[in-house]
Amino acid sequence: MMKAKELKNLSVEDLNKKLVELKKDLFMLRMQHATNQLDNPMQITAAKKDIARIKTIIREKEQNV
């Protein structure tokens with residue numbers, strides 16, 4: 001889980017890279033869950049929240065420009 005303070009210090013390009021990475025991770029977590037290989041299903045929820053947090057910060061930065 002990432003902190004919002006840490007993410008606010010990153011540039012929009014870095015945030016977009018992290019967003020793509022998290023979306024790939026979420027896809028892999030969903031695949032593991034579908035095949036019953038996922039040990040902790042809460043990882044999916046955490047990944048979704050991280051994605052939402054990054055999208056929110058990107059949106060805030062776009063609004064301030």
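Everything quoted here is computed from the prediction, not taken from an experiment. Just so you know, these numbers use all the heavy atoms, side chains as well, and skip hydrogens, waters and symmetry mates.
Of the inter-residue distances, the one linking Leu19 atom CG with Arg53 atom CZ reads 13.0 Å to the nearest 0.5 angstrom. To the nearest 0.5 Å, the span separating CD1 on Ile44 from CG on Asp25 amounts to 12.0 Å. To the nearest 0.5 Å, atoms NZ (Lys18) and CD (Glu6) are separated by 8.5 Å. With rounding to the nearest 0.5 Å, the separation of NZ in Lys61 from CG in Leu10 is 7.0 Å. Atom CD1 of Ile54 is separated from atom NZ of Lys17 by 13.5 Å, given to the nearest 0.5 angstrom. Taken from CD1 in Ile58 to CD in Gln63, the straight-line distance is 13.0 Å, to the nearest 0.5 Å.
For Asp39, the CG atom is loosely surrounded, since the number of other residues' heavy atoms within 6.0 Å does not exceed 12.
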Self-check item: Intermediate values then yes/no, side-chain contact (heavy atoms from CB on, under 4.5 Å), Lys8 and Glu60
Solution: CA-CA 9 Å; Lys8 286 185 180 183; Glu60 286 175 357; 3.8 Å; yes

Practice problem: For Lys5 and Asn9, run side-chain contact (heavy atoms from CB on, under 4.5 Å): C-alpha distance rounded to whole Å, both residues' side-chain angles, the deciding distance at 0.1 Å, then the answer. | Solution: CA-CA 7 Å; Lys5 284 185 178 182; Asn9 294 331; 5.7 Å; no

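Listed here is the closest heavy atom pair of Ala4 and Ile57: O-CD1, 3.8 Å.
Taking the side chain as every heavy atom from C-beta outward, Ile51 and Lys55 approach each other to under 4.5 Å.
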